[in-house]
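Only one structure is covered here, and it is reproduced in the block below.
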Amino acid sequence: MNVTNTQNRYLTDLNEKQIEAVTISNESALILAGAGSGKTKVLTSRVAWLIHNQVASPGGILAVTFTNKAAKEMLLRISAQLPINTRSMWVGTFHGLCNRFLKKHFKDAGLPEIFQILDSADQKSAIKRVMKSMNVDEELFTSKDMQYFINANKEEGLRSNIFKAYDDISKKKNEIYSMYEKQCQKEGVVDFAELLLRCLELLQKNTAIREHYQSTFKHVLVDEFQDTSKLQYQWLKLLTADESYIFAVGDDDQSIYGFRGASPGNMKDLQKDFNIKNVIKLEQNYRSKNNILNAANAIIDNNKDRLGKNLWAASGDGDLIRLYTALDDRLEASYLIDEIKMLHRAGKSYDQIAILYRNNAQSRVIEMAMVSNNIPYRVYGGLRFFERAEIKHTLAYLRLISNKNDDNAFIRIVNFPPRGIGSRSIEQLEDYAKNNSLSMWGAAKAFSSENKSPKISNFVELIQGLEDQIHATGLDESIDYINTYSGLKEHYSKDKDGSSRIENLDELVSAAKSHMLDRRDEGHENLLTKNQSLVLADFLDFTSLESGELQASAGDDALQLMTIHSSKGLEFDVVFITGLEDGLCPHERSLLEDKGIEEERRLMYVAVTRAKNKLYLTLAQSRMIYGQATYNLPSRFLDEIPDGLIKRLSNRKEVSSSPTRIAPYSESNHIWKVGTTVSHQKFGEGVVTGYEGNENDLRIQIKFSGHGIKWLAMEYAKLNKA
DNA sequence: CCCGAGGACCTTTTT
DNA sequence: GGTCCTCGGG
């Protein structure tokens, strides 16, 4: 490879493989980028290289990621490398870019100019409304099932008029789906899946638009390609015409989002569809010590169907991996405390230490231990800023002002804060709206002009007053005004724990302010001054698409607590992977799924490769799950790590004072293994989810499909293997 | 309208 | 065990 080119300062600190990836010419590429191999660096250097060498203009580049955080990071790093403005580049998330397309071509997409985006919670309540209006009770299936049905079909590109019902239930579901589509269209709202599907359909149906973008985007770059869904892949294909090239970066071993539609098979399809001759593998790892990498390599080697790669580092072996077995989950947590205190005394800052777990429920015990030991910590995940109830309330006022057809928003705030418009009045409005094909707002206005209800008239006036305010002053001031005059602040001031909610409402004002400043920096001055309605709509898009990561008190030196899933992409000096028990990690439910165990193994691989210098693996022999003590075996993944890499520690803090515990009964001694399907005379079919006791008194925990979770004493119960 | 009792639920998550 | 939702009485 010729790297002597003087023009390419973008290549100076890249390794040979990275350079090969960055400088690939006139062909599409699949870059198999292992954990810690400089994936983002390659992607942004690629953009810089393309532009610098005039292979592409900024406007000819489309780069897509999954999260806003990643998109921001990408833009930041591109502009750090290149002295150009990045405004003309299309860089963003799949949803953000689709929204941009749909906004630009709203007419061709069959949408109103100002349409609102529903987040999952909004979608669910919209579905509930449909089901209620069709008198479908949630006995047969829930609104959650329905939500899954709709999103899965949209993901498959199936509209309700194409879907083929195979039984009565799916027939009913499809009827609801159809009504839901109509309702969204009428109300001018679009859910997340719709953003993608609508955009795909726009490109499919409209040749002129499709060809325009195909000739515009010469280079389409995709990050985390293994996480793309089938729909997203189709979208990418449609945007990339014959003379365009796709540059996909991903790692099949880090595909952990199968459950939400990720289709790592796209990597194989890509090779075929884009005629990719050689996959470029980035295997040099710049993050972890070799003991850690070798453990990761050994674990992932048990998966079949990999594209295959082996990580290595030039940085030496490092410490052995420490494996600690605690008697129970509380003692596991106190081991964490001991180790962390020790590390901290040795000068390690808390924020370089992460505690990972498989599910969120596990954080409770750990958090309690942290609190009682005064160790600062931060839990990732959970409720986002824009998802908080009080924020959604103010946003609903804004949404209704922005789009009077948004019945979701109307219903949310018509009686919040309480203003004496009870469920009976709301039902009357609903009926009136239905009979006269009006929106709820339309019905309220009709009621108001006929003086049917003074309370509803007041509400109509309130909204109109707030709307005037929006047009009279800036967005942030208007939000402040709404917070007060809607009565929200007063309402929360009466609440005993309402003060934090009021703080959040004020925080929303600053969020609006900084959003406008960002827009100004991005050069959208026109958008900001010309038309208040568009300013508002733009802000509302922002609040739906950017869920608002917890305003991280970035300066704080705090321990990092998160699920393994949310640790993807991050790195820490010290990593504790906790709860390494069969049933938890791998999760018992994954054992029932096809290929489930392989995804769990990838999860383990992701967890292990987060660690730079020190890796701790911990497990507990017994653990409280759903209020029950459960006994699990050590995770099977632990057996996959070569012995030479591990230092085993066990029950270092023996608890002589604790009451006699039933020793965990080895699973190999009985036939009722976790995951076994069994049948019971009375309860029917079920799956073994745990067990406790000993030879003489063995009890098995079984989850029955119809009767929930039961503990059965094997001495009495008559069980058969199904 | 508010509050408390009772029931169902319980893997992972971004947009 | 905890949370979230629903429903019914005050």
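Labels below follow one simple rule: chain letters A, B, ... track the order of the sequence lines, proteins then strands, and each chain is numbered from 1. Heavy-atom basis, side chains included; hydrogens, waters and symmetry copies ignored.
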Of the listed B:dT13, B:dT15, B:dT11, the closest approach to the A:Ser590 side chain comes from B:dT11
Side-chain donor or acceptor of A:Ser255 paired with backbone N/O of A:Asp251 under 3.5 Å: no
Stacking between B:dT12 and A:Phe259, yes or no? Criterion: centroid separation under 5.5 angstrom, plane angle under 30 degrees. yes
Between A:Leu603 and A:Ile564 the two heavy atoms that sit nearest each other are O-CG2, 3.3 Å
In residues 593-606 of chain A, which ones come under 4.0 Å of DNA chain B, going by heavy atoms? A:Glu593, A:Glu600
Stacked pair A:His587-B:dT11, distance under 5.5 Å, angle under 30°: yes
From the candidates B:dT12, B:dT13, B:dC2, the one with an atom nearest any side-chain atom of A:Pro418 is B:dC2
Which nucleotide span of DNA chain C, 5' end to 3' end, has atoms closer than 4.0 Å to non-hydrogen atoms of chain A? C:dG1 to C:dT6
Checking A:Lys568 against A:Tyr257: charged group under 6.0 Å from the ring centre and within 45 degrees of the axis? no
Sorted by chain and residue number, the side chain to side chain contact (heavy atoms under 4.5 Å, CB included) partners of A:Lys392 (sequence neighbours excluded) come out as A:Asp119, A:Ala121, A:Asp122, A:Arg412
Report yes or no: do A:Gln123 and A:Asn151 form a side-chain donor-acceptor pair below 3.5 Å? yes
Side chain of A:Tyr257: nearest nucleotide among B:dT15, B:dT11, B:dT13? B:dT13
On DNA chain B, nearest-nucleotide positions of A:Arg419 versus A:Ser544: which is more 5'? A:Arg419
Can you give me the closest heavy-atom contact between A:Gln116 and A:Asn403, atom names plus distance? OE1-CB, 3.0 Å
Anti/syn call for B:dT12, syn if |chi| within 90°: anti
Heavy-atom pair of closest approach, residues A:Lys124 and A:Ser143: CE-OG, 3.7 Å
From the options B:dT12, B:dT15, B:dC10, select the nucleotide whose nearest atom is closest to the side chain of A:Tyr626. B:dC10
Geometric cation-pi criterion, A:Arg602 with A:Tyr605: 6.0 Å, 45°: no
A:Asn68 side-chain N/O to B:dT14 phosphate OP1/OP2 under 4.0 Å: no
If you take the centroid of each ring, where Trp contributes its six-membered ring, are A:Phe141 and A:Tyr148 closer together than 6.0 Å? no
When the nearest nucleotide of DNA chain B is assigned to A:Thr563 and to A:Asn415 on a heavy-atom basis, which residue is associated with the more 5' position? A:Asn415
